[in-house]
Every structure is written in structure tokens, then in C-alpha cells.
2 protein chains.
Amino acid sequence: MVKTGEILSKLTAQGYRITPQRIMILDAVENADDHISAEEIFTLVCLQYPNVNISTVYRTLELLKQLELVTETDFGDGRVRYHSIKKGHHHHLVCQKCGGIIDMEESIFTPLRESLLKQYGFDADIHHLAIFGTCKKCR
Amino acid sequence: MVKTGEILSKLTAQGYRITPQRIMILDAVENADDHISAEEIFTLVCLQYPNVNISTVYRTLELLKQLELVTETDFGDGRVRYHSIKKGHHHHLVCQKCGGIIDMEESIFTPLRESLLKQYGFDADIHHLAIFGTCKKCR
DNA sequence: TATGCAACTGCAATCCCTTGCATCTATGAT
DNA sequence: ATCATAGATGCAAGGGATTGCAGTTGCATA
Ligand SMILES: [Zn+2]
Ligand SMILES: [Zn+2]
Ligand SMILES: [Zn+2]
Ligand SMILES: [Zn+2]
């Protein structure tokens, strides 16, 4: 469990600045109950500070992703969603028929990651994936 | 190995029409040596028939995808690429440091697909995936 | 061969996201 | 406290892809 304060000092430690915009954007992701889109973050931040620009939101999310503080997932609905790493690594199964989403443990990818490492020497970066297909009740 | 003629009759069988645009777009994908982007297909088709519209290219690719005649993959460079199913199912490892791309056999995903089926009753639709990470020589 | 109509296309607007650039500001040094 | 500067922001333009709609066309039927 990483605290927001720790995250901010992690930014400084790496030469990045702490700005009001970054604090508000980070806050929006950290306090979101669910996976949140850039547009939703933008709307939330605008309530406090209407001058913020959507490109700042995207650039901040890109930075948080690089620092592995936030993960990104494409659920296939035309907009990417973000999630604080505080809430743990996991993955999703997305049914293409009913649209239902099943949550998965991170461990489901462990055998795959191991075989990629063994066969190809490749260290796969599988943080937060959505796998598409057909769920039990739609088959 | 599916022939182009067979693909066209598969279209008619499902109530879709055969149009000059669809023939040319399908041809471009079938004859491409490598994974080809919508823009590249558009350029090729324009040589023969300059009136074609890029949205028709996207709509045709979407249709071919649904019919499982073409697969789509995001290599992370901001544009999606397409591949004829004639050339077989496979996957890719994309190194985020050197940009190198390693080709993988389809079978690497078999254990994962099986465990998804067993644990969740979920039939995963993993046709042509790009996994991001760090390759052997960049680690 | 001519007709009817659902399927398809082109066009323009729009959506999500990225990028270049001029301006501004957080931060460390003085 | 002030300054210098590299990092960050806002703005506007642009890129890839999608969508609504009016007009066109493939094709089944007669
Ligand atoms: Zn998630
Ligand atoms: Zn379902
Ligand atoms: Zn491929
Ligand atoms: Zn590499």
C-alpha cells in the first residue's frame, strides 16, 4: 500500500516536479472506485481547477505509467482506462457477446511469463490486461 | 490455405455483398508480405481506384475481422496492423527498449487458454497478440 | 432484362489521443 | 529572498479511427 505522499516524493527523487495539476490528477486516480478514463479524470480535476488541459491529464498518466504507479487497460470500448497500482495487479476477461467483465488474479499469467522467459529470454510486462472472448453463459 | 475466391463466396453466403472496393481491399491484405496498416491498404487501393474512401477500408477490415479472415494487432506504434489468416496464427513479443519484434508460435498460449477455460469457463479469442516487455539482449 | 430494396459507399463531422511550441513555474543555487 | 533554468503547462493543430447520413449499387426476384 503506497501512500500518495510517497508517490509524490518518488516523483521528486527522479527529477520530476510536483505541480498542482499532478497532485489533482493523481488524487483522482487514487480515489477512483473503479477503472477511470482520462476524460473522467479531466472532468473531476476541472471541478477544482477549470484551467487544466486534457493534454496535461494524458501526459501525467503517461508519466505515472512509466513510473509504474498506474496501469492502463483497453477494454475495447474505444477509450483506455487507468487504475492505481495501490489496488493491486490483476487482469480481466471481456465477453464480446454480453459485454460482461470477469476479474482475474495476476497469477493466471505466471506460467506464460515463465515460458516466455525460458523460451525467448523475454521479460514480459503484463501488468493489467484485458483478454477478449466468450464467457461461460454465452457459449 | 483459403483462396480469395472462397473468401468472396463466404461473404455472399452470409448476406454480405461483393463490391469492387472489398475485392481490392481483400487483395491488398492477402498479397501483403508483412503486417499492413489501413493507411497502406488505402494507398494501394487508391492506385487502382482513387475514389475509394479510408472509412470504407476501415469498415471492410472490421468485417473481415468479424468473419475471422483477417487478424488485427497493435504493435504499440500508434497504428493497428492487419494480417491475412491465410498466413497462419501467431503472436509477437515487442521489446520496449530496442523496438525489436520476435515472432511466436500460436501454441505458446495454449496452456493459458486451457486454464481460462477450466477456471472461468471462458473461451479466449487470442488470435494475434503483441506482448510488450524487454528482450534478452536488453535486459 | 427491368425492378426494388437492403447493403454499401463517400463525405464530413466527430472522437480519442498526441505533439510542437511558446509561455510559465517549481525547485535548487546563490 | 531572488535568480536561473530545466521541466511542465496550455493551446492549437494534427493523426488514426469511427459514425451519421444521404445517395449509390449489388443482387434477388419476377
Ligand atoms: Zn483492472
Ligand atoms: Zn458473455
Ligand atoms: Zn503477426
Ligand atoms: Zn530489446
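Numbered from 1 within each chain, the chains take letters A, B, ... in sequence-line order.
One interatomic measurement links the two molecules: CZ of A:R81 to C1' of C:dC16, which rounds to 12 Å at whole-angstrom precision. Distance A:L61 CG to C:dC16 C1': 13 Å, rounded to the nearest Å. Taking atom CD of A:E39 as the reference point, atom P of C:dC17 lies 8 Å away to the nearest angstrom. As a whole-Å value, the separation of B:N51 CG from C:dT9 P is 13 Å. We find that CD of B:E62 is positioned 16 Å from C1' of C:dA7, with the value rounded to whole Å. The CD-C1' distance, from A:E40 to C:dC17, rounds to 16 Å in whole Å. Spacing between atom CZ of A:R59 and atom C1' of C:dT19 amounts to 8 Å, rounded to whole angstrom units.
Across all strands shown, A:F42 has no heavy atoms under 4.0 Å from either base or sugar-phosphate atoms. B:S37 comes within 4.0 angstrom of nothing in the nucleic acid, heavy atoms only.
A salt bridge (Lys or Arg N to Asp or Glu O under 4.0 Å) with A:E30 is found for exactly one of A:R22, A:K87, A:K86, namely A:K86.
The residue among A:L63 and B:P20 whose nearest nucleotide of DNA chain D lies closer to the 5′ end is A:L63.
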Between the protein and nucleotides 27-30 of chain C, list the N/O to N/O atom pairs that are separated by less than 3.5 angstrom.
residue	atom	partner	partner atom	Å
C:dT27	OP1	A:I18	N	3.0

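Contacts between chain B and DNA chain D, taken as any atom within less than 4.0 angstrom of a protein heavy atom, begin and end at D:dG16 to D:dC27.
Ring-centre distance between A:Y82 and A:H35: not below the 6.0 Å cut-off. Taking the six-membered ring where the residue is Trp, the centroids of B:H128 and B:H91 are separated by 6.0 Å or more.
The closest donor-acceptor contact from the side chain of A:Q14 to the backbone of A:L11 lies at 3.5 Å or more, if one exists at all.
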Exercise for the section: With salt bridge (charged side-chain N to carboxylate O under 4.0 Å, His left out) as the test, would you mind laying out the steps for B:D123 and A:K136 before giving the verdict? Expected result: CA-CA 8 Å; B:D123 185 18; A:K136 201 170 191 170; over 6 Å; no
Handout entry: Test salt bridge (charged side-chain N to carboxylate O under 4.0 Å, His left out) applied to A:E39 and A:R79, step by step
Key = CA-CA 9 Å; A:E39 197 67 37; A:R79 87 192 49 197; 6.0 Å; no
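Regarding contacts with the backbone of C:dG10, a side-chain N or O of B:Q21 is found under 4.0 angstrom from either OP1 or OP2. Here A:Y58 reaches the OP1 or OP2 of C:dC17: one of its side-chain N or O atoms lies under 4.0 Å away.
For the pair B:R81 and B:D34, the salt-bridge criterion is not met [side-chain N within less than 4.0 Å of a carboxylate O].
Around CD of B:Q66, the count of heavy atoms belonging to other residues, nucleotides or ligands within 6.0 Å exceeds 12.
For residues 44-66 of chain B, the salt bridge (Lys or Arg N to Asp or Glu O under 4.0 Å) pairs, not counting sequence neighbours, are B:E62-B:K65, B:K65-B:E72.
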